[in-house]
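Counting convention: from 1, in listed order, for ligands and their atoms alike.
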Amino acid sequence: MTSTVESGPVPAIDAESARRAYELDRKHVFHSWSAQDLLDPMVITAAQGSYVWDGDGNKYLDFTSQLVNTNIGHQHPAVVSAIAAQATKLCTIAPSYANDARSEAARLISARTPGELDKIFFTNGGADANEHAVRMARLHTGRHKVLSAYRSYHGGTHLAVNLTGDPRRWASDSGSTGTIHFFPPYLYRSAFHASTPEEESERALAHLEQLISLEGPSTIAALILESIPGTAGIYMAPPGYFEGVRELCTRFGIVLIADEVMAGFGRTGKWFAVEHFNVVPDLLTFAKGVNSGYVPLGGVAINPEIAATFGQRAYPGGLTYSGHPLAAAAAVATLNAMEDERMVEHAAALGETVIGPALDGFAERHRSVGEVRGVGVFWAIELVRNRETREPLAPYGGSSQEMNQLVAACKSRGLLPFTNFNRIHVVPPCNTSVADTKAGLAILDEVLDIADGFAD
Ligand code: PLP
């Protein structure tokens with residue numbers, strides 16, 4: 001199997017240095033979201049395109065894009081050399097100065113964002129982008145409350161994790177005042193007893209409208225929504241839902257923030273996932289795919305009205321590394337490479353002609369598959385013990401022996417899978433070749449045979 005991105009020979013694996021990396025990690029590194037003593041991290045020694053290698057030289061097809069960020073795959077040569085060239089020229093400069101890499105990154109991003117979201121505030125990642133978007137919305141409206149959906153993720157910082165609507169919030173739910181959650185549409189497990197996408201859309205909007213009126217529209221600054229929720233489960237909004245949310249926000253003077261941290265920059269087969277709907281948000285947050293995560297970068301794209309609020313009045317917020325030149329240069333090279341190599345179109349075609357049809361086939365053949373859903377290179381396979389009861393193969397907020405076995409089965413076949421609770425997500429880089437995508441799907445097909453053994 002070969003990946004589409006060839007960028008020179010893969011370095012020889014140094015087993016001794018891999019062993020030392022593991023030992024030092026276990027001794028000194030404190031990992032995210034984990035019980036430290038239970039960890040057994042794989043050492044990654046090399047990566048190219050859609051592949052990574054472990055410390056023993058085993059090769060894996062990366063169907064995770066790491067944390068769904070390497071949209072152009074690993075070690076894209078144009079981006080690696082742009083970072084090196086920028087490092088030689090100017091590694092860092094304070095945000096108050098103008099800088100060519102930052103200016104060009106802002107131009108390229110604003111050229112792709114919908115509507116007139118033409119001013120870019122750069123952050124270090126997605127959580128702080130959402131924190132700043134909410135701060136802007138609060139100052140712009142003079143209101144405080146923020147609405148967000150259950151089954152969402154908005155980041156690990158205090159406000160962002162309180163806005164989050166999945167179990168990652170639970171331990172830190174110490175109260176960021178004014179964060180209120182609503183039920184988003186999710187027909188497979190409908191909170192509204194709906195039986196069609198249209199019914200789900202209509203009822204979810206009625207619920208949201210009622211929640212807004214009960215909370216008091218004049219108290220609500222913003223509503224934040226992942227354009228297509230990611231780690232929380234990849235849910236395409238049913239017809240009319242996103243447009244209905246836009247209408248409610250406009251009617252009640254609420255700032256609509258589209259969180260495109262995971263769904264943006266080609267992942268869904270469009271530059272931004274909001275383009276699947278007829279919607280322009282007031283603020284759009286991004287990170288990850290903007291430069292494939294080669295150097296940390298995030299940001300907020302701002303509409304003219306909100307930007308004007310801070311025309312004569314200082315915006316009270318900033319970061320030492322806002323628009324860091326190395327990160328900005330990586331973004332410029334990433335966006336140009338995506339355009340030149342037509343990666344967004346490729347991601348759309350992979351979804352339509354390869355991944356979508358294969359997953360539909362899984363749903364027909366495998367009794368453990370409850371539902372498949374997605375678009376582009378952004379798909380979820382929801383696994384159940386029983387198709388009638390829809391009992392998930394792992395509890396909400398937890399894992400199970402069975403899911404762990406499926407992960408191990410993927411890895412032993414050379415596939416890195418992305419799993420969350422009872423779901424396997426198919427989220428390879430946007431430029432994964434058709435052959436590699438099919439090879440990964442063939443492995444998943446085999447692994448689902450094992451999953452079928454867990455289902456009635
Ligand atoms: N928003 C969404 C939709 C995300 O998927 C993530 C991260 O996975 C974040 C925000 C937080 O981004 P970061 O981890 O860069 O802070």
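Between the side chains of E260 and S227, at least one donor N or O sits under 3.5 Å from an acceptor N or O. Checked by atom type, the side-chain pair D40/Y22 shows a donor-acceptor distance below 3.5 Å.
The existence of a salt bridge linking D54 and K411 is excluded, since no basic side-chain nitrogen approaches an acidic carboxylate oxygen closer than 4.0 Å. The pair E382-R390 does not meet the salt-bridge criterion, since no charged nitrogen lies less than 4.0 angstrom from a carboxylate oxygen. Taking 4.0 Å as the cut-off between side-chain N and carboxylate O, E247 and R251 count as a salt-bridged pair.
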Side-chain donor-acceptor pairs under 3.5 Å in residues 271-282, sequence neighbours left out?
{"from": "E275", "atom 1": "OE2", "to": "F272", "atom 2": "N", "distance (Å)": "3.0"}
{"from": "H276", "atom 1": "NE2", "to": "T268", "atom 2": "O", "distance (Å)": "3.1"}
{"from": "H276", "atom 1": "NE2", "to": "T268", "atom 2": "OG1", "distance (Å)": "2.9"}
{"from": "D282", "atom 1": "OD1", "to": "R246", "atom 2": "NH1", "distance (Å)": "3.2"}
{"from": "D282", "atom 1": "OD1", "to": "N303", "atom 2": "ND2", "distance (Å)": "3.4"}
{"from": "D282", "atom 1": "OD2", "to": "R246", "atom 2": "NH1", "distance (Å)": "3.4"}
{"from": "D282", "atom 1": "OD2", "to": "R246", "atom 2": "NH2", "distance (Å)": "3.1"}
{"from": "D282", "atom 1": "OD2", "to": "L256", "atom 2": "N", "distance (Å)": "2.8"}

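Near ligand 1, residues G125, G126, A127, N130, Y153, H154, G155, E226, D259, V261, M262, K288 each place a heavy atom inside the 4.0 Å sphere around the ligand atoms.
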